[in-house]
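Notes follow once the structure below has been shown.
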Number of protein chains: 2
Amino acid sequence: MATIYQVSEAAGVSLATVSRVMNGNAKVSERTRKKVESAMASLGYQPNAIAQSLASNRTNSVGLLVSELHGSYFGDLMSTVENVLKRNGKHVIITAGHVDEKREHEAIEFLKSRRCDALILHAEAVSDDYLKKLVNSKVPVVVINRKVDELEQNCFVVDNVKGGYLATKAAIDAGHKNIAYISGPLFKKDASDRLAGHKKALEEAGLTFDSNSTFEGDFHESSGQEGMQHLQATFPDFTALVCANDEMASGAMTAAREAGFDIPSKLSIVGFDNVLFSRYLYPKLTTINNPIHAMGEMAAHWVLEHVYDIKSPVPIEHLFVPEVVDRDTLGTL
Amino acid sequence: MATIYQVSEAAGVSLATVSRVMNGNAKVSERTRKKVESAMASLGYQPNAIAQSLASNRTNSVGLLVSELHGSYFGDLMSTVENVLKRNGKHVIITAGHVDEKREHEAIEFLKSRRCDALILHAEAVSDDYLKKLVNSKVPVVVINRKVDELEQNCFVVDNVKGGYLATKAAIDAGHKNIAYISGPLFKKDASDRLAGHKKALEEAGLTFDSNSTFEGDFHESSGQEGMQHLQATFPDFTALVCANDEMASGAMTAAREAGFDIPSKLSIVGFDNVLFSRYLYPKLTTINNPIHAMGEMAAHWVLEHVYDIKSPVPIEHLFVPEVVDRDTLGTL
DNA sequence: CTGTTAGCGCGTTCAA
DNA sequence: TTGAACGCGCTAACAG
C-alpha cells in the first residue's frame, strides 16, 4: 500500500501538496496537480481512511443501529438509509442491538469508538436517560421509531396510536363487531400505542373492549399462530382479527386455515407495517402502512443537513402518519 | 472525550502503562492496574479505535459485501456472519454492491480503505481477474456463492447444478412429465448452473428438453408472474413448474391462482433457496435448501482462523450440498 | 514491571 | 503556490 509520502517523492513535491490535490480545497497549480495525479495513478495510491480520520477528526461515515440484520422491516430501513447517504458520498456502518440493553449499548459504543460522524439509532432496549445523555454529548444522534421526551427534534416516529386506530376502524367500517386483537409485547411503546388505538376505535364505535379478545404476542410469526388458537377459546365469536404486525398476521392466517376458516369470508384479518412480504401472502394482506422508508430517508437527510451541511431536498418532518393498505383479507360483514 | 494521555496523568503513570492495562498483553502490577482502571472509569475513558487501528495496523473488523441490504437471503447472510464474528469480539462493516460492477468495486475499495482485517464478499458483478488480484494482495478475502478458478480455497459455494437437478428430480419422482422452468438471469453462474441441473434431471429421466418450456426471469417476484403467463402460451400442458428461486416461485403462485390453477392439485411448484418467507406462503412452498446460513458461518470461521488465529470449531468446508425441503406445493400426478 | 521514544498516514497551520 | 513541522491518539520496541 503506497502512502502519501511515496507519492510525494515520486511526484517530486511535498507531502502537503499531495494532501492538497487529494482534498481539492487549496490552490494547486495545474502542472503540479498533473504530476501528483500521475504519481498517484502509477503507484495505485489509495488514501488510508483511518489515518485521514485520525488527522481530520472526520470519518465520513454514519453509524446505523438496527435491532436485527434480517427481516423485511430492517432490510428496508438499512437499504433506504444507505441509499441516500451513499448518494451523498457518506458511508454507513451497521450494527445490530438484538433488542437487548447490554448489546444495544455495546453496539452504540462501538459506533462511537469508530468515531462515526453521526448516529442513526433504532434503539429499543436502551433507556431514555441513556439516549438523552447521548444526544447531549458530542456526537449527533437521531432516533427512529421511538419518541423520547425532550428529544422530539431528534426522533422520527410513526403515529402508532393512529395506526392501531385505523386498523380496527377499517374492520368496524366493514361491519365487524366482534374484533379480536393480537398485540406486540406491551412493554414496547409501539405495541402498547397500537393497542391503545385499537381500544379507541372500539370505544368510538360504541363497542366494549373485552380483555378476553386480546392476546399478547411477541411480534414473531409463531405468536400469531398461538394467538389465533388462544383467541378461539377465549373469544370464540370474533369475525375479524387485527394483528399488531404483519408477521403475526401471517401466523394467524396459517392457524386460521388449519382451523378451517376461509379468509376473508369466514374471518377477516388486518396486519400492520406493510412489510414487503405482506403482498406475497395469500390472500394478500390488508394492513397498515408503516412509512419506514420515509422515516429512514428523513433521518438520513437530517444527518446530511446537520452534520455535513448538505441541505435536505425536502422539509424535515418528525411525525409520520400511517394509512390503510386495502388488499384482500378484510371482508365486509 | 478523554485520551490515553489524560488517563496516564490522572493515574500518575506513563502512557505506555495505560496502553498495557487496556490490551492486557504485558505484565502490570496489581496496584498500578487498579490505579489506571479507576482513572479510566472516573474519566469515562473510551479508547479511540481509529487511533488504535492506525498504530497497530489492526482494526478488529471484517468487511462484508452483500448485493443488497434487504431481502431474506442477504438478511440471513449478514445475520449469521455478524453473529459468529461478534461472538469472537470482531466487528462487521457491511456494504452493498447492488450487483453493479462499479458499485461493487467501490464498496470493496471502501472496505479496504477502512483497513478491514479481512473481506467476506458476496460479489456478483466484479470480474474473476479482479477477485484474483484481490486475493493475491495483502488483505485476506473469501468469496461466498461464487466459485472462481484457482481460488477454490477462498470460495464457499453451494452445488447449484445439483440443486437444480434435485428440484426437477423431485417433480419427476412425483410423476410429472411436462415440467416448465423459470430461470434466473443466465449471465449469472448460479442461474445457469441451476438450469443445467434441471436439464440433466430431464435427460436422465428420458424427457426431452423443449426450449419453449423455459422462461428467463431476473430472480424477482414479478418475473415469476410474467414467466407463468408466458409459459402458459408457449408450453401449455405443463403440470409442474420449477423456479430458480423462491421469490419467482411466489410470483408464479400468484399468477397461477389468478389463472385459476389450484396448487398443487392442478399445478405443482418447486422453488429454490428456502428463504424464510417460503414457509409463510400458502400453500407452504416446496423448495431446495440453499445453506446460506452454513456458508456464512464457514466463511466467518475461515476468517477467524486465518486472520485472528482463532481455531474453527468445525472443519472448514468449501462445497455445500443442497437438499429438497418437502412442503405443500408439489403434488403427485 | 515501568517509562521513553519513535512512528502509524495524514491534515493543517505557519512561513516563505 | 508550496514546503516544513507539528499533532491526531495510540502501539510497540527498547531501555532501565
Side-chain angles (χ1 to χ4, degrees), chain A residues 1-37 39-40 43-61 109-110 112-117 138-139 308, chain B residues 1-37 39-40 43-61 89 109-117 138-139 308:
Chain A
M1 291 279 185
T3 73
I4 195 174
Y5 179 72
Q6 299 171 30
V7 174
S8 77
E9 268 193 324
V13 299
S14 84
L15 212 147
T17 303
V18 178
S19 173
R20 287 184 184 109
V21 345
M22 283 179 48
N23 300 302
N25 39 19
K27 309 268 133 196
V28 178
S29 82
E30 196 56 27
R31 269 194 62 241
T32 56
R33 146 165 288 116
K34 293 278 190 220
K35 280 197 299 188
V36 172
E37 278 169 352
M40 297 201 305
L43 286 173
Y45 171 71
Q46 289 198 223
N48 181 329
I50 300 285
Q52 287 181 313
S53 297
L54 185 60
S56 68
N57 205 26
R58 253 292 154 90
T59 59
N60 282 316
S61 58
E109 295 305 322
F110 169 70
K112 282 173 61 185
S113 78
R114 305 301 299 180
R115 293 301 189 267
C116 290
D117 296 332
K138 287 279 175 43
V139 43
Y308 299 111
Chain B
M1 292 283 187
T3 74
I4 195 177
Y5 179 71
Q6 300 171 29
V7 174
S8 76
E9 267 194 323
V13 299
S14 84
L15 220 149
T17 303
V18 178
S19 174
R20 289 189 184 102
V21 345
M22 283 180 47
N23 300 304
N25 38 20
K27 310 266 132 196
V28 178
S29 81
E30 196 57 27
R31 271 193 61 243
T32 56
R33 147 166 287 115
K34 293 278 190 220
K35 279 196 302 186
V36 172
E37 278 170 351
M40 296 201 305
L43 285 172
Y45 171 72
Q46 289 200 222
N48 181 330
I50 300 286
Q52 288 179 312
S53 298
L54 185 60
S56 67
N57 206 23
R58 254 294 154 88
T59 58
N60 282 315
S61 58
E109 294 305 320
F110 169 70
L111 294 175
K112 283 174 60 184
S113 77
R114 305 301 298 181
R115 293 300 188 270
C116 290
D117 296 332
K138 288 278 176 39
V139 45
Y308 300 111

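In the text below, chain A, chain B and the rest are named by the order of the sequence lines, each starting its count at 1. Remember, predicted model here, so these are calculated numbers, not experimental data.
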> For B/Val18, which contact category applies under a 4.0 Å heavy-atom criterion: base, sugar-phosphate, or nothing?
Replying inline: nothing
>> Classify A/Arg20 by what it touches in the nucleic acid, base, sugar-phosphate, or nothing, heavy-atom distance under 4.0 Å.
In response: base
Nearest to the side chain of [X], which nucleotide is it out of [options]?
| X | options | answer |
| --- | --- | --- |
| B/Thr32 | C/dG11, C/dT2, D/dG3 | C/dT2 |
| B/Ala16 | C/dT4, D/dT11, C/dC1 | C/dT4 |
| B/Thr3 | D/dT1, D/dG9, C/dC1 | D/dG9 |

>> Nearest heavy atom decides the nucleotide; on that basis, is B/Arg115 or B/Gly12 closer to the 5' end of DNA chain C?
In response: B/Gly12
Expressed in angstrom and rounded to an integer, what is the separation of [X] atom [atom1] from [N] atom [atom2]?
| X | N | atom1 | atom2 | answer |
| --- | --- | --- | --- | --- |
| B/Asn60 | D/dT11 | CG | C1' | 13 Å |
| B/Met22 | D/dC10 | CE | P | 6 Å |
| A/Tyr5 | D/dA5 | OH | C1' | 14 Å |
| A/Asn23 | C/dT13 | CG | P | 12 Å |
| A/Met40 | C/dG9 | CE | P | 17 Å |
| B/Asn25 | D/dT11 | CG | C1' | 9 Å |
| A/Ile4 | D/dG7 | CD1 | P | 19 Å |

> If you round to the nearest 0.5 Å, how far is OG1 of A/Thr32 from NZ of A/Lys27?
Replying inline: 12.5 Å
>> Let's go through B/Lys34 and B/Val28 carefully: what are the C-alpha distance in whole Å and the side-chain angles of both, what is the deciding distance for side-chain contact (heavy atoms from CB on, under 4.5 Å) to 0.1 Å, and is it a yes or a no?
In response: CA-CA 10 Å; B/Lys34 293 278 190 220; B/Val28 178; over 6 Å; no
Phosphate OP1/OP2 of [N]: any [X] side-chain N/O under 4.0 Å:
| X | N | value |
| --- | --- | --- |
| B/Ser14 | C/dT4 | no |
| A/Ser19 | C/dG11 | yes |
| B/Thr17 | C/dG3 | yes |

>> Using the rule given for side-chain contact (heavy atoms from CB on, under 4.5 Å), can you reason through B/Met22 versus B/Val36, listing the C-alpha separation, both sets of side-chain angles and the distance that settles it, and then say yes or no?
In response: CA-CA 9 Å; B/Met22 283 180 47; B/Val36 172; over 6 Å; no
> Should B/Thr3 and B/Gln6 be marked as a side-chain contact (heavy atoms from CB on, under 4.5 Å) after you check the CA-CA gap, both sets of side-chain angles, and the distance that decides it?
Replying inline: CA-CA 5 Å; B/Thr3 74; B/Gln6 300 171 29; 3.7 Å; yes
> What's the verdict on side-chain contact (heavy atoms from CB on, under 4.5 Å) for A/Val139 and A/Cys116, showing C-alpha distance, side-chain angles and the deciding distance?
Replying inline: CA-CA 8 Å; A/Val139 43; A/Cys116 290; 5.9 Å; no
>> Check whether A/Ser113 reaches the backbone of B/Asn48 with its side chain - one donor and one acceptor, N or O, closer than 3.5 Å.
In response: no
> Under the 3.5 angstrom rule, does the side chain of B/Ser8 hit a backbone N or O of B/Val18 as a donor-acceptor pair?
Replying inline: no
>> With the threshold set at under 4.0 Å for non-hydrogen atoms, list the residues of residues 43-57 of chain A touching DNA chain D in residue-number order.
In response: A/Leu54, A/Ala55
>> Please find the pair of heavy atoms, one from A/Ser61 and one from B/Arg114, that lie closest to each other, and give the distance.
In response: OG-NH2, 4.1 Å
> Which angle, rounded to 10°, do you find between the first-five-pair axis and the last-five-pair axis of the helix from C/dC1-D/dG16 to C/dA16-D/dT1?
Replying inline: 40°
>> If you assign A/Lys27 and A/Leu15 each to the DNA chain D nucleotide with the nearest heavy atom, which residue ends up on the more 5' nucleotide?
In response: A/Lys27
> Between B/Gln52 and B/Asn60, is any pair of side-chain heavy atoms under 4.5 Å apart?
Replying inline: no
>> Looking at B/Asn57, I'd like to know if its CG atom is crowded, meaning that more than 12 non-hydrogen atoms belonging to other residues, nucleotides or ligands lie closer than 6.0 Å.
In response: no
